[in-house]
Amino acid sequence: TYCLHNTDYKTVGSCTTADTWCSVNIGSAGHCFCVDVQAFCPSTSARSPRRCFAGINEVKMYPPRFTRLTTIPGNSHCLKLEWTDDMSVTLPSERAHRVIQIEYSIPHQAQSWNVSSVLHDWKMELCGLYPGTKHSVRLRAQDSRASHHWSGWSSIREAITAESAPGAVPELWRHIQPTDMSGQRHITLLWKPLQWPDTNGVILSYAASCWSDLDPPHQDCGRLDSSVTSCVVSVSANPCICNLTASNSAGTSPEAYIRIPGDRDAEGVLPEVPYNVSVQVLHEKTTRAPIFATGFTRQGAPSAGPKLKVLQTTGSSVILKWNSVPLEKLHGFIQNYTVVYVTNGKMKSQVLEGDVEQFSLTGLSAGEYAICVKAHTVAGSAEGPWVTVAVAGNDYLPIVAILVCTTGGLLILVITLSQGERIQHCLWPTIPDPSKTSLSTWARGSRSQLVFMGRTTGLCDHPCEEHQQACSFSDHSILSKTVIQEIFPRPLSAKTAKRKTHQPTHKVNAEEPSEDLSTEVSSRNNVMAKPQTPRAPSGCPPIADCCFGRDTVDERNLMERLRLCGQSPPAPEALARADKVDSSNLLYKKDFTS
């Protein structure tokens with residue numbers, strides 16, 4: 001069936017077998033399938049439950065067809081592979097799921113190696129191989145969606161990687177014949193053929209020669225066939241050196257050297273000269289890697305000491321490093337090193353292990369130091385070049401400075417925190433609330449204002465502009481003529497003055513505003529100030545008259561005065577709620593709301 005609707009199934013086919021497997025041609029693996037197995041015996045049969053699956057998840061691909069395996073010139077570690085498979089006729093999107101596994105092996109080793117790669121083409125380079133070596137290669141394929149099914153292996157193809165120059169020195173030895181009557185000696189040079197993988201190809205020839213600084217002409221065996229493993233040269237009784245190289249089609253190996261002592265020298269090895277001694281185990285046709293060790297027939301004192309280098313200098317220490325003494329100047333095994341340093345005529349030293357090549361001198365005082373390193377063998381020692389170093393001896397000064405700065409900073413912080421209120425008072429002084437201080441009684445310029453808790457409703461537009469006064473009252477203001485006179489004094493008529501003269505004490509009755517009433521006004525309306533009395537210049541009407549008039553206030557006069565104050569007249573219904581105004585006391589009662 002189509003995998004999108006797996007309800008309508010179509011029969012594909014069946015197979016019969018006496019084994020536990022058989023094959024059915026399904027045409028395309030892009031569908032979904034259900035399979036069951038029916039088993040028969042003479043008397044009955046039984047059918048297994050159905051197993052349903054997407055065909056692509058169970059695909060076992062056909063083996064790839066290996067077409068080419070070739071050498072890559074100039075690349076001694078890779079081979080080029082080419083192949084085809086039946087997926088070549090499918091869509092490119094299907095090719096993206098193809099995985100190729102490559103198995104390769106070499107004749108010199110029994111094991112094989114596998115490399116897997118997701119590929120979109122039918123060719124690749126197989127790398128990481130041995131130079132000049134025959135490799136056997138085969139392939140198999142897989143659909144990445146069916147990870148547990150691999151195709152069968154392809155056929156095997158073989159190819160040899162490109163060669164490179166031999167990578168090892170041939171093992172060389174010699175046999176010395178006594179000097180003949182003519183003063184010549186016959187030296188037989190012997191060597192072992194290079195083995196894989198050091199050959200990096202096929203060895204074509206060897207070349208051997210000997211020479212001496214006392215005998216200019218070189219003696220050589222010429223180029224020898226790869227099957228030859230020895231040659232004889234004739235040399236004088238003087239010491240000489242012989243060498244041997246191996247060559248293939250790509251190049252020549254490094255040289256192997258051997259020293260031939262003079263006829264009067266001790267036969268074999270020399271004292272105080274390092275020799276590499278090797279032991280190699282041979283078993284049938286296989287050879288294990290040789291084991292090397294360095295040895296002396298007799299040790300001597302080094303002919304040179306380590307070369308010293310100063311890595312770092314601080315106030316009271318010096319970091320030193322030195323290199324090993326060259327092998328030809330050791331003449332023995334290094335047992336230990338001694339660091340020697342001198343200052344002010346006093347010498348001190350420090351003994352170190354033979355494998356140490358870096359050391360720090362610490363606890364030094366200020367001054368100039370001469371330092372060197374000695375190398376010791378069992379036979380003696382040799383010192384290297386001396387180095388002069390100046391030490392300041394002030395490691396603690398930066399620490400003291402840091403401590404002083406830190407302590408001072410902490411002290412300033414503690415003082416600042418403890419005197420926080422004073423500092424705040426100096427930097428950010430407390431600003432008093434004007435409503436709770438005597439500043440509320442201050443008269444600014446020529447403008448006076450009587451302030452009540454509530455909203456300010458007007459300014460007095462006095463004919464003399466510079467003497468405009470604030471006429472302030474609230475919805476709940478109670479003003480008496482006496483209070484107004486205190487704020488806006490005006491000339492008294494003779495009658496009024498006489499009345500006041502004959503009545504020095506003011507008797508309060510129920511009809512007149514009393515001192516208690518003034519106190520109530522101040523308490524309820526929060527009278528903040530009694531501004532000083534401003535004086536109007538000559539030619540200007542009394543300041544108080546612009547807002548309140550002299551004796552009585554009626555509706556008409558109130559409207560007019562409000563216009564003079566720059567205020568909108570109150571609505572008639574607001575005036576209708578106003579109480580009558582006592583002309584003798586000019587009392588505005590509390591429910592006068594305009």
Side-chain angles (χ1 to χ4, degrees), residues 1-69 79 81-107 109-124 126 134-159:
T1 187
Y2 292 106
C3 292
L4 295 179
H5 50 84
N6 52 5
T7 56
D8 183 16
Y9 282 92
K10 176 183 177 182
T11 301
V12 174
S14 63
C15 60
T16 303
T17 180
D19 210 330
T20 57
W21 65 272
C22 66
S23 298
V24 175
N25 187 1
I26 59 175
S28 171
H31 301 302
C32 288
F33 300 90
C34 286
V35 178
D36 61 19
V37 177
Q38 188 174 12
F40 297 89
C41 65
S43 59
T44 185
S45 66
R47 186 179 294 273
S48 71
R50 279 190 172 187
R51 178 172 181 248
C52 298
F53 53 90
I56 202 66
N57 295 335
E58 303 294 339
V59 166
K60 180 178 180 180
M61 300 178 65
Y62 291 109
R65 291 193 295 272
F66 209 158
T67 58
R68 295 185 66 188
L69 179 65
L79 291 173
L81 289 73
E82 296 182 25
W83 69 93
T84 61
D85 57 36
D86 291 336
M87 291 292 288
S88 60
V89 298
T90 61
L91 297 175
S93 60
E94 292 296 320
R95 298 174 191 170
H97 298 287
R98 184 175 66 255
V99 178
I100 292 294
Q101 188 176 74
I102 304 164
E103 182 184 82
Y104 65 94
S105 61
I106 56 178
Q109 294 181 342
Q111 71 182 79
S112 60
W113 296 268
N114 291 327
V115 177
S116 297
S117 178
V118 177
L119 302 173
H120 302 278
D121 293 317
W122 297 276
K123 59 184 178 181
M124 67 169 289
L126 176 63
K134 182 172 71 174
H135 291 76
S136 300
V137 183
R138 63 178 182 171
L139 311 174
R140 64 179 180 175
Q142 181 191 73
D143 190 295
S144 61
R145 293 165 293 187
S147 58
H148 51 286
H149 293 310
W150 283 100
S151 73
W153 287 105
S154 69
S155 59
I156 296 176
R157 286 186 173 265
E158 295 180 342

Taking all heavy atoms of [X] and all of [Y], pick out the closest pair and write down the distance.
X: Ile102; Y: Val137; answer: CG2-CG1, 3.5 Å
X: Ile56; Y: Ala146; answer: O-CB, 3.7 Å
X: Pro64; Y: Leu139; answer: CD-O, 4.0 Å
X: Leu81; Y: Leu79; answer: CD1-O, 3.6 Å

Which value, rounded to the nearest 0.5 Å, describes the distance between [X] atom [atom1] and [Y] atom [atom2]?
X: Ser151; Y: Gln142; atom1: OG; atom2: CD; result: 9.0 Å
X: Asn57; Y: Cys32; atom1: CG; atom2: SG; result: 8.5 Å
X: Arg68; Y: Arg157; atom1: CZ; atom2: CZ; result: 9.5 Å
X: Ser136; Y: Tyr104; atom1: OG; atom2: OH; result: 12.5 Å

Can you give me every donor-acceptor pair (side chain of residues 37-54, partner residue at least two apart or in another chain, under 3.5 Å) with its distance?
{"residue": "Gln38", "atom": "OE1", "partner": "Arg47", "partner atom": "NH2", "Å": "2.7"}
{"residue": "Gln38", "atom": "NE2", "partner": "Ser45", "partner atom": "OG", "Å": "3.3"}
{"residue": "Arg47", "atom": "NH1", "partner": "Asp36", "partner atom": "OD1", "Å": "3.1"}
{"residue": "Arg47", "atom": "NH1", "partner": "Asp36", "partner atom": "OD2", "Å": "3.2"}
{"residue": "Ser48", "atom": "OG", "partner": "Val37", "partner atom": "N", "Å": "2.9"}
{"residue": "Ser48", "atom": "OG", "partner": "Val37", "partner atom": "O", "Å": "3.4"}
{"residue": "Arg51", "atom": "NH2", "partner": "Glu58", "partner atom": "OE2", "Å": "3.3"}

Checklist entry - Does CG in Asn114 sit with more than 12 non-hydrogen atoms of other residues, nucleotides or ligands closer than 6.0 Å? => result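 Enclosed: over 12 neighbouring heavy atoms sit under 6.0 Å from CG of Asn114.
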Item to check | Any residue meeting salt bridge (charged side-chain N to carboxylate O under 4.0 Å, His left out) with Arg138, in chain and number order, not counting sequence neighbours | outcome: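 Here the qualifying residues are Glu103.
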Checklist entry - Looking only at atom types and distance, does a side-chain atom of Thr67 sit under 3.5 Å from a main-chain N or O of Glu82, one as donor and one as acceptor? => result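 Here the side-chain-to-backbone pair exists.
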Next on the checklist: For Trp83 and Phe66, I'd like to know if the aromatic rings sit close, meaning centre-to-centre distance below 6.0 Å.
Outcome noted: no
For [X], what residues pass the ring pair (Phe, Tyr, Trp, His ring centres under 6.0 Å) criterion, not counting sequence neighbours?
X: Trp150; answer: none
X: His135; answer: none
X: Phe33; answer: none

Next on the checklist: Test side chain to side chain contact (heavy atoms under 4.5 Å, CB included) on His149 and Val59; report intermediate values, then the result.
Outcome noted: CA-CA 7 Å; His149 293 310; Val59 166; over 6 Å; no
Item to check | side chain to side chain donor-acceptor pair (under 3.5 Å) against Ser116, all qualifying residues, sequence neighbours excluded | outcome: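 Residues passing side chain to side chain donor-acceptor pair (under 3.5 Å) with Ser116: Gln101.
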Checklist entry - After noting the C-alpha distance and the side-chain angles of Trp122 and Arg65, does the key distance pass the side chain to side chain contact (heavy atoms under 4.5 Å, CB included) rule? => result CA-CA 10 Å; Trp122 297 276; Arg65 291 193 295 272; over 6 Å; no
Item to check | Pairs meeting criterion salt bridge (charged side-chain N to carboxylate O under 4.0 Å, His left out) with involvement of residues 18-28, two or more places apart | outcome: none
Checklist entry - Tell me the salt bridge (charged side-chain N to carboxylate O under 4.0 Å, His left out) pairs involving residues 9-18, sequence neighbours left out? => result none
Item to check | Qualifying residues under side chain to side chain contact (heavy atoms under 4.5 Å, CB included), relative to Lys134, sequence neighbours excluded | outcome: Pro107, Glu158, Ile160
